[in-house]
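To start, the structure itself, in structure tokens.
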Amino acid sequence: MGRKRRPEPPAEERHEAEERRRSEAKRRVEELRDLIDYHNYRYHVLDDPEVSDAEYDELMRELRALEEEFPEFITPDSPTQRVGGAPTELFAPARHRVPMLSLDNAFSWEELSAWGKRVERAVGRQAEFVCELKIDGLAVALTYEDGAYVRGATRGDGYVGDDITANIRTIRSVPMRLRGTGHPKVLEVRGEVYLPIKAFEELNDELRDKGQKTFANPRNAAAGSLRQKDPGVTASRPLRLWCHGVGAVEGRRFQRHSEILDYLKERGLPVDPNVRRVRSLEEVFDYCERWQRSRHSIDYEIDGVVVKVDQIALQEELGATSHAPRWAIAYKFPPEERTTLLREIGVHTGRTGMVTPFAFLEPVFVGGVTVSTATLHNEDEVKRKDVREGDTVIVRRAGDVIPEVVGPVLSKRPPNAKPWKFPKKCPSCGVALVRKGAYWFCPNKAGCPSQNIEWLFSFASRGAMDIDSLGYKTGIQLIEMGWVKDPADIYSLTREQLAQLPGFKEKKIEKLLTATLASKDRPIWRLLVALNIRHVGWHVAQVLARALPSVGRLKKARLEEIEAVEGIGPEIAQSVYEWFHDKENLRLLEKLRKAGVRMEDEEPEPLPEGPLTGKTVVITGGLVSMSRSEAEQAAREAGARVASSVSKKTDFVVVGENPGSKYDRARQLGVETIDEQDFLKRLKG
Ligand code: IVH
């Protein structure tokens with residue numbers, strides 16, 4: 001009864017180069033996951049981050065982009081699946097006293113059964129379970145103090161969420177006071193806010209009537225409604241809540257999870273009536289099977305079943321990993337399939353010139369979103385599936401996976417439907433396509449508008465030259481006007497030219513020109529990403545730039561020299577070498593250089609030699625004889641490295657007046673602490 005977790009095109013049809021890219025992507029996805037987990041741990045557990053928030057975000061962005069391109073590499077424990085969305089700046093941060101963990105997933109009966117057996121083996125006896133529906137909504141934590149509602153927060157990253165106290169107040173089913181008497185001092189209730197399907201449809205109709213953007217699914221609508229700055233807007237959306245557990249509790253102990261749910265119900269909190277307490281794994285399967293069949297019989301979206309060990313003592317014995325409890329699991333329903341009309345097969349030329357076919361579909365609601373296009377991967381894939389324009393096709397989408405066309409419903413094929421033929425010419429520039437392996441490419445690197453737009457867009461993207469105001473729309477305008485033929489042309493745009501574009505007023509022109517100017521001074525690794533060199537993404541670019549930190553050195557480097565760089569394999573080296581020996585590319589580099597784009601990284605300045613050489617120093621609290629920045633400067637001049645947080649590697653902490661948590665941390669770790677007088681002495685050696 002097992003089923004495949006994530007669909008993959010058959011191996012024999014994948015082109016060799018694509019395969020290499022896939023394996024490089026897989027390796028990088030795994031590496032990113034480890035890195036992000038590590039930084040999460042440093043930040044949340046050790047309270048001692050090693051990277052800035054911006055660097056962390058960059059890692060997450062890269063992982064998301066790779067997972068979007070290769071959904072088959074998404075695993076349930078990927079940080080992208082775990083993080084419910086970083087807290088936004090719109091709301092005050094709300095730190096959770098007990099972290100809001102995620103759940104591990106089971107995608108088949110085998111996985112569910114293996115979990116159940118593991119649980120029973122670990123506790124040495126038969127466990128009892130509670131089965132709940134897995135509500136596809138937004139996780140929240142509501143705090144009641146002595147029975148009164150005092151705070152509402154989103155999950156955020158599990159440790160810090162958004163304070164949405166006022167918005168939660170507008171949800172009518174949330175009691176502002178708990179029923180009865182003798183309330184615990186603190187009761188933090190965990191649950192899922194959702195928008196009923198009917199209300200979602202009504203809301204979208206209303207938005208459509210007003211000419212406003214509609215929501216893709218009830219979950220997005222709930223999230224959008226809850227994260228309103230104006231609680232009045234939240235109040236106008238009929239949000240609901242199902243409570244499914246507790247977080248921090250003071251003044252009350254529970255023996256069973258089912259007892260918690262009964263208690264919440266009794267105190268007036270909404271608990272899903274479909275929850276069941278069961279006594280065996282058999283009954284768990286029955287529950288899952290039943291709800292898999294009747295998931296559409298209720299007025300809210302569910303994407304699975306959550307199975308929890310009922311006895312709290314057993315839960316405690318089982319414990320949790322860093323991100324999920326071992327005593328609970330989410331059984332995820334299989335990908336949903338729907339049939340719809342395939343109106344047309346189109347092709348798109350991407351940044352690298354690869355031409356990809358895709359299906360234009362009659363919009364269909366499947367797996368929680370409305371799908372109107374789906375990729376068909378390549379020519380062989382279209383042939384293998386034999387999908388034709390006018391066919392009724394099966395469309396599948398599982399939660400986080402991009403929609404795919406499974407195949408045609410042959411019994412519904414119109415008699416005149418013809419096999420689809422891959423176009424011979426590029427849909428964008430009309431140049432004859434060439435086939436490499438399973439893929440068709442447009443060879444018109446310089447003159448193809450579609451490739452140029454995609455390239456311009458990726459050149460300017462946040463992970464490359466980071467030109468914030470140069471989006472897709474502006475890129476198209478610039479190319480259509482004939483002003484931009486390659487990315488270097490953006491550096492010669494004038495105020496007068498931009499003023500001719502529709503929608504470009506003084507402020508917008510200024511913003512674009514300033515952002516373009518600022519991008520001239522980016523580190524070399526960003527330029528390398530922006531240059532669109534095959535196999536060179538964020539990570540490879542950084543490795544390369546560290547070893548060969550100038551365009552001049554990269555141009556002169558022999559193939560063996562590039563290959564010798566730690567972390568650069570022969571294929572990447574070959575691709576980089578070829579790129580830097582292509583006449584057209586060299587012309588582009590020269591153009592960028594002339595435009596004033598930075599072509600080399602500055603070598604980091606060596607630390608001055610002094611009495612504190614080799615020491616890592618942290619300063620906390622106010623000093624009397626100098627300001628904090630003067631103290632930091634003085635320490636640097638004496639040869640020290642000044643860090644912003646205390647770790648085991650810190651040599652000593654200078655403690656001034658009213659020191660912060662860094663002082664406590666230093667004491668906790670046994671790091672030496674010194675006062676201002678001592679610091680002044682050490683500066684002098
Ligand atoms: S229990 C430590 N019960 O699913 C256990 N979660 O994929 C934490 N969810 O973050 C969650 N329905 O937001 C639990 N009946 C249910 C749920 C549920 C939906 C969400 C919850 C969680 C996510 C994990």
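Just so it is clear, the values below take in all heavy atoms, side chains as well, and ignore hydrogens, waters and symmetry mates. Ligands are counted one by one from 1 in listed order, and the atoms in each one are counted from 1 as well. Quick caveat, the model's predicted, so the values are computed rather than measured.
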Among protein heavy atoms, which sits nearest to atom 1 (S) of ligand 1, and what does the distance come to when rounded to 0.1 Å?
-> K308 NZ, 3.3 Å
Protein residue, atom and distance nearest to atom 8 (C) of ligand 1, heavy-atom basis = L101 O, 3.9 Å
How far apart are the C-alpha atoms of R177 and H183, what are their side-chain angles, what is the distance that settles it, and do they pass the side chain to side chain donor-acceptor pair (under 3.5 Å) test?
-> CA-CA 10 Å; R177 277 213 67 80; H183 299 294; 4.6 Å; no
Is E132 salt-bridged to K308, cutoff N-O under 4.0 Å?
-> yes
Answer side chain, backbone, both or neither: which part of L133 comes under 4.0 Å from ligand 1, heavy atoms only.
-> backbone
Counting only N and O atoms by type, is there a donor-acceptor contact under 3.5 Å from the side chain of T339 to the main-chain atoms of V393?
-> no
Nearest-neighbour protein heavy atom for atom 23 (C) of ligand 1, which is reported as residue plus atom name and distance | K134 NZ, 4.0 Å
ring-ring contact (aromatic ring centres under 6.0 Å, His included) pairs, two or more places apart, involving residues 124-147 | W115-F129, Y144-Y149
Specify the protein heavy atom at minimum distance from atom 12 (N) of ligand 1: its residue, its atom name, and the distance to 0.1 Å.
-> I135 N, 3.0 Å
Within the side chain of Q228, is there an N or O that forms a donor-acceptor pair under 3.5 Å with the backbone of G224?
-> yes
Tell me which protein heavy atom sits closest to atom 17 (C) of ligand 1, plus the residue, atom name and distance to 0.1 Å.
-> H244 CD2, 3.4 Å
Those atoms of ligand 1 less than 4.0 Å from some heavy atom in E132 | 3 (N), 15 (N), 16 (C)
Are V246 and R190 close enough that some pair of their side-chain heavy atoms sits under 4.5 Å apart?
-> no
Can we say E206 and K210 salt-bridge, meaning some charged N sits less than 4.0 Å from an Asp/Glu carboxylate O?
-> yes
Contacting atoms of ligand 1, where contact means under 4.0 angstrom from a heavy atom of L103 | 5 (C), 6 (N), 24 (C)
Please state whether G245 comes within less than 4.0 angstrom of ligand 1, counting heavy atoms only.
-> no
Ligand 1 atoms nearer than 4.0 angstrom to some heavy atom of P325 are 2 (C)
Answer yes or no: is there an ion pair linking K185 with E145, defined by an N-O contact shorter than 4.0 Å?
-> no
Within-cut-off N or O pair, S102 and ligand 1, under 3.5 Å | no
Distance from atom 9 (N) of ligand 1 to nearest protein heavy atom, with residue and atom = E192 OE1, 3.5 Å
Between A139 and ligand 1, is there a nitrogen or oxygen pair with a distance under 3.5 Å?
-> no
Under 4.0 Å from atom 21 (C) of ligand 1, do we find at least one protein heavy atom?
-> yes
Heavy-atom side-chain contact between Q292 and K332 under 4.5 Å | no
